[in-house]
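First up is the structure itself, then whatever we jot down about it.
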Amino acid sequence: MRVLQLSAELFPFIKTGGLADVAAALPVALRDAGAEPRLLLPGHPALMHALEGAEALAPDTAAGPLLRGQLPGFNGIPVYLLAHESFERDGPLYGHADDAARFARLGAAAVRLCEGWDLGWAPQLLHAHDWHAGAACAQLAWSRAQLRSGTRSLFTVHNLAYQGLFPASEFPLLGLPAGWFGLEGVEFFGQLSFMKAGLQFADQLSTVSPGYAKEIQTAEQGCGLDGLLRRRADALHGILNGVDAAVWNPATDPALPTRYRAGQWAAKAQCKDALRREFGLSTSEGPLFAVVSRLTEQKGLPLVLDALPELLDQGGQLVVLGQGEEAPRMAFAAQTHAGQVALAQAFDEALAHRIYAGADVVLMPSRFEPCGLSQLYGLKYGTLPMVRRVGGLADTVVDCTLEDLEADRATGFVFERFETADYRRALERAFTLWRKPTLWRQVQRRAMAQDFGWEAAAQRYLALYRNLFQ
Ligand code: ADP
Ligand code: GLC
């Protein structure tokens, strides 16, 4: 199966969140499962500099220029970069005034590849990720309507909250027939929606956990698109993300001061000591809680801040790595409780690894969470996740209830409602378990034994791809 994966991010070159991790791990897993993936990405400087063996495809008026080459770490999987000047800006990939034009152009490049732009290779399937690749699904549908290509499409939603909304006046950039700007097309309350373009026109839809696949069909979490998602429910699948074991494994992780496996708790304790020193935290017998996330409304930082007194009173400490609108309040807390609370306002991959290893609990009290990778990394590193029962968090963490502890199924702490009282009770459960070290170890072992490998996810995606040709 020849699959063109279209995404805006790719670990380790350009990453703002979990999308980058998925976009990097999935094609390798697909290839290992026998598929023939290639990648198409915007020509951001970080990618352009890394591209090896670059060859330019013949010029095309609708898109381009397009380079084909390879990226280190991708085992020879061919990569196309849209080397357009609008992507050749350092700094953030999104949030530019010409985003609609930039990502419409990226979509056009994807479609040209489906139409045979690269003479030696045309995809049977376009796998488009998030709003940045939504336009491509509509553009491909138009190409097919004109019998210019036969490529099918799968659109994967990583986060419905980011929709790629633009003024209606930008619609012509997509090169679609005028009638497609309407209720049954890419129009969303008078605006142009790239997300809706994907949801409306892709042959199949998926999102990154079974839980979120259900939630986005409700008014509460549907971000205004739940009606459309309910209508397309038969085409919508929930496929849980995996963990890339080549990157996330405490036994081999080069970022850690000491590497460890389940049972090597002294080595994990050394990671904790080193992390405390790094953040200037005092020594303590209590558990070390951590947040590694975009500090946005989604991630539930208000709960952490509201219940900070209880966390500290019981001897806990907190390290936070992240940037975003909640950072100032967190910075204030770190100042007030110096030695017990610390904040690094940065995007720092290696530090994230050291935190997952050195902390005891990783906090993810999200309002909503399509899948979540931080809690999966926590599990893998024996750092128990504390999560809200929502989206992919609910699908991946088992609470320390009495019965799940007894059955040795528990892997973390789960609370129900987005309310401080519920979160506080989960904190209490964590402190209670902390005072029972044997049980804590049992839960750590169970957490580390969870298998969230990419193999299973790749098989599910492959089955979905094949369905499109039956
Ligand atoms: P989301 O994609 O919504 O941000 P995920 O949990 O799926 O949430 O993925 C977040 C990814 O970004 C993880 O790989 C996490 O370790 C990483 N991450 C988030 N914030 C930072 C940061 N400040 N520095 C380094 N890595 C970060
Ligand atoms: C999004 C979601 C996150 C998910 C990630 C990768 O950014 O917020 O929950 O894990 O995409 O799919």
Side-chain angles (χ1 to χ4, degrees), residues 17-18 157-162 207-226 229-230 238 240 287 289-314 316 318 320 322 324-326 329-330 333 359-376 378-379 383-405 409-434 443 447:
V157 177
H158 293 261
N159 197 332
L160 198 64
Y162 299 96
T207 186
V208 287
S209 68
Y212 194 60
K214 290 200 193 92
E215 289 167 0
I216 56 178
Q217 296 179 50
T218 65
E220 194 194 344
Q221 291 227 37
C223 302
L225 290 162
D226 44 295
L229 286 160
R230 282 195 298 276
L240 205 60
F289 294 80
V291 173
V292 179
S293 81
R294 297 178 289 111
L295 304 183
T296 60
E297 212 206 340
Q298 172 187 349
K299 301 296 178 177
L301 267 294
L303 296 186
V304 178
L305 284 161
D306 287 354
L308 191 57
E310 286 83 349
L311 187 154
L312 297 174
D313 282 353
Q314 299 199 56
L318 173 67
V320 179
E325 65 252 23
E326 305 279 357
R329 278 182 72 200
M330 196 44 91
D360 298 298
V361 178
V362 59
L363 298 174
M364 260 183 117
S366 305
R367 275 180 199 280
F368 65 93
E369 197 61 68
C371 176
L373 292 172
S374 289
Q375 86 282 11
L376 299 183
L379 291 170
T383 303
L384 306 185
M386 183 179 294
V387 305
R388 188 158 97 83
R389 196 184 302 286
V390 72
L393 301 174
D395 290 337
T396 53
V397 182
V398 180
D399 192 22
C400 281
T401 58
L402 278 179
E403 61 276 22
D404 282 325
L405 278 171
R409 283 189 297 252
T411 57
F413 313 98
V414 185
F415 65 98
E416 295 290 333
R417 287 179 303 262
F418 193 83
E419 285 168 14
T420 311
D422 268 25
Y423 169 77
R424 265 198 201 109
R425 288 177 58 82
L427 264 187
E428 272 173 35
R429 271 203 300 295
F431 280 105
T432 307
L433 194 73
W434 183 253
V443 180

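For the single chain, residues carry numbers from 1 onward in sequence order. Note that the structure is a prediction, hence the values are computed from the model and not measured.
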Self-check item: Gap separating the CG atom of L373 from the CG atom of L379, nearest 0.5 angstrom
Solution: 11.5 Å
Exercise. Specify whether F415 and Y423 have parallel, tilted or perpendicular ring planes, treating 30° as the upper limit for parallel and 60° as the lower limit for perpendicular.
Key: perpendicular
Quiz prompt | Note, L305 side chain near M330 side chain (heavy atom, < 4.5 Å) | solution = yes
Exercise. Ignoring hydrogens and angles, tell me if any N or O in the side chain of D399 forms a donor-acceptor pair with the backbone of V414 under 3.5 Å.
Key: yes
Exercise. Calculate, to the nearest 0.5 Å, the distance between atoms CG and CZ belonging to L303 and R417 respectively.
Key: 12.0 Å
Practice problem: Identify the two heavy atoms, one from Q298 and one from F368, that lie closest to each other, and give their separation to 0.1 Å. | Solution: CG-O, 3.3 Å
Self-check item: Non-hydrogen side-chain atoms of L433 and F413 separated by less than 4.5 Å
Solution: yes
Quiz item: Quick one: are M364 and V397 in side-chain contact, heavy atoms under 4.5 Å?
Solution: no
Quiz item: Does any non-hydrogen side-chain atom of Q221 lie less than 4.5 Å from one of L160?
Solution: no
Quiz item: CG of L295 to CG of L301: how many Å apart, nearest 0.5 Å?
Solution: 5.0 Å
Quiz item: Any sub-3.5 Å donor-acceptor pair from S374's side-chain atoms to V292's backbone N or O?
Solution: yes
Practice problem: Search all heavy atoms of V304 against all heavy atoms of P365 and return the closest pair with its distance. | Solution: CG2-CG, 3.7 Å
Quiz item: A447 and L384: which non-hydrogen atoms are nearest, and at how many Å?
Solution: CB-CD2, 4.1 Å
Quiz prompt | Short N-O contact, K299 and E369, less than 4.0 angstrom | solution = yes
Quiz item: Under 4.5 Å between any side-chain heavy atoms of E215 and S209, yes or no?
Solution: no
Practice problem: Would you check if the side chain of T411 reaches a backbone N or O of V398 as a donor-acceptor pair within less than 3.5 Å? | Solution: yes
Quiz item: Which atoms form the tightest heavy-atom contact between N159 and R294, and what is the distance?
Solution: ND2-NH2, 4.0 Å
Self-check item: Heavy-atom closest pair, residues A426 and M386
Solution: O-CE, 3.6 Å
Self-check item: Heavy-atom check, side chain of Q314 versus side chain of W434, under 4.5 Å
Solution: no
Practice problem: Kindly give the heavy-atom pair with the smallest separation between A161 and Y212, and that separation in Å. | Solution: N-OH, 4.4 Å
Quiz item: Taking the side chain from Q375 and the backbone from C371, do they hold a donor-acceptor pair closer than 3.5 Å?
Solution: yes
Quiz item: So do L318 and L363 actually touch side chain to side chain, heavy atoms under 4.5 Å?
Solution: yes
Quiz item: Distance from R329 atom CZ to D306 atom CG, nearest 0.5 Å?
Solution: 6.0 Å
Practice problem: State, with a plain yes or no, whether a side-chain heavy atom of L225 is found less than 4.5 Å away from one of I216. | Solution: no
Quiz item: For G324, does its backbone N or O pair with a side-chain atom of T296 as donor and acceptor, under 3.5 Å?
Solution: no
Self-check item: Rounded distance [0.5 Å steps], CG in L427 versus OG1 in T432
Solution: 10.5 Å
Quiz item: Hey, does the side chain of R388 reach the backbone of S366 with a donor-acceptor pair shorter than 3.5 angstrom?
Solution: yes
Self-check item: Spacing of CD belonging to E428 relative to CZ belonging to R424, to within rounding of 0.5 Å
Solution: 9.0 Å
Quiz item: Would a distance-only check, ignoring hydrogens and angles, find a side-chain to backbone donor-acceptor pair under 3.5 Å from R230 to Q217?
Solution: yes
Exercise. Take atom CD of E403 as the centre, draw a 6.0 Å sphere, and report whether it contains more than 12 heavy atoms from other residues, nucleotides or ligands.
Key: yes
